[in-house]
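Structure record follows, encoded as structure tokens.
No hydrogens, no waters, no symmetry mates; every other heavy atom, side chains included, goes into these values. Throughout, numbering of the chain's residues begins at 1 and tracks the sequence. For ligands, and for the atoms within them, numbers begin at 1 and follow the listed sequence.
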Amino acid sequence: MPKFCANLTWLFGELPYMDRFRAAREAGFEGVEVLFPYDCPTQDMRDQLVLNGLSFVLMNCPLPNATGGPQGFAAVPGGEERFRRDFDRTLRFAQVLKPLHIHIMAGVAEGPEAEATFVRNLRWAAARAPRQGLTIEPINRIDMPGYFLADYETAARVLDAVASPNLALQFDAYHAHRITGDAAAAWGAHGHRARHVQVAGFPGRHEPAGGAIDYPAFFARLAADGYDGWISGEYAPATTTVDGLGWIR
Ligand SMILES: O=C(O)C(=O)[C@@H](O)CO
Ligand SMILES: [Mg+2]
């Protein structure tokens with residue numbers, strides 16, 4: 001049985017943030033992720049997780065940049081100090097929130113020097129928090145122009161170079177389809193590196209149903225491959241969140 005979790009940054013947006021935890025539980029989810037859980041009282045959020053018996057699956061590093069500047073510095077040459085400071089701040093939140101994974105964002109950069117910077121920073125982070133699950137995620141450059149990590153071959157090289165047991169691939173089927181044109185084939189080639197999966201329909205990034213990605217087949221493939229991590233709904237509901245949850249059944 002797949003473990004589905006709800007991305008509360010995208011789902012249940014009809015509700016105030018703190019009410020989304022109970023709504024997710026009532027809708028049948030056993031886990032949630034929040035991309036940037038930084039601007040709410042951390043203990044209140046922890047209480048919601050415990051009260052509703054929810055696993056906290058994932059959060060992002062770094063904190064959102066309130067000045068509208070770049071999001072993520074892990075692959076930005078010259079941004080090492082900023083990356084380390086941000087990572088340590090994320091770890092302080094993580095001590096309370098206890099996420100299974102922290103997704104480390106690469107930021108906007110390009111070229112071999114950026115890749116070398118990414119590897120160095122990830123090695124540092126993996127050693128700094130050896131018991132914390134960490135992920136990196138290829139994100140398509142149409143949605144995030146200039147984002148460094150925008151293909152699976154680079155992700156594979158970086159993961160091999162870092163070679164740390166607590167760093168793995170975050171496989172977002174929506175991005176995979178936009179990057180490669182075939183999410184299922186990308187999973188076939190790279191899914192063995194994944195410890196976290198996110199899903200959304202293509203091309204609209206609504207519910208994972210009825211678009212270009214055959215999700216019933218994709219979920220069956222994950223199960224056949226022995227994937228036992230979480231599958232997160234990270235999409236913009238086409239109508240209301242609850243009305244759109246038929247895909248889980
Ligand atoms: O954009 C995505 O897809 C993500 O998973 C986010 O973590 C990026 O903010
Ligand atoms: Mg994603």
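Ligand-side atoms of ligand 1 in range of Asp172: 3 (O), range being under 4.0 angstrom from any heavy atom. Here is the list of ligand 1 atoms found below 4.0 Å of a heavy atom in Glu137: 2 (C), 3 (O), 4 (C), 5 (O), 6 (C), 7 (O). Listed by atom number, the atoms of ligand 1 under 4.0 Å from Gln170 heavy atoms are 5 (O). Interface atoms of ligand 1 facing Glu234, defined by a heavy-atom separation under 4.0 Å, are 2 (C), 3 (O), 4 (C), 5 (O), 6 (C). Atoms of ligand 1 lying under 4.0 Å from any heavy atom of Gln198, numbered from 1 in the order shown and given with element: 5 (O).
Between Arg22 and Glu26 there is a salt bridge, with a side-chain nitrogen of the basic residue lying less than 4.0 Å from a carboxylate oxygen of the acidic one. A salt bridge does not link Glu14 with Arg20: none of the charged nitrogens is closer than 4.0 Å to a carboxylate oxygen. A salt bridge links Arg120 with Glu80: at least one charged nitrogen is closer than 4.0 Å to a carboxylate oxygen. Salt bridge present: Arg205 and Asp172 bring a charged side-chain N and a carboxylate O closer than 4.0 Å. Contact check on Asp88 versus Arg92 returns no salt bridge, with no Lys/Arg side-chain nitrogen under 4.0 Å from an Asp/Glu carboxylate oxygen. Salt bridge annotation for Arg195-Asp228: absent, with no cationic side-chain nitrogen under 4.0 angstrom from a carboxylate oxygen.
For atom 1 (O) of ligand 1, the nearest non-hydrogen atom of the protein is His175 NE2, 3.5 Å. Residue, atom and distance of the protein heavy atom nearest to atom 7 (O) of ligand 1 are Asn60 ND2, 2.9 Å.
Ring to ring, Tyr215 and Trp247 are not that close: their centroids are 6.0 angstrom or more apart.
Protein N/O/S atoms found under 2.8 Å from the Mg ion (ligand 2), listed by chain and residue number: Glu137 OE2, Asp172 OD2, Gln198 OE1, Glu234 OE1.
Not a single heavy atom of Met59 lies less than 4.0 angstrom from ligand 1.
For Thr135 against His103, the heavy-atom pair with the smallest separation is OG1-CA, 3.2 Å.
With hydrogens and angles ignored, the 3.5 Å screen pairs no side-chain donor or acceptor of Asn52 with any backbone N or O of Leu54. Between the side chain of His175 and the main chain of Pro138, no donor-acceptor pair closer than 3.5 Å is present.
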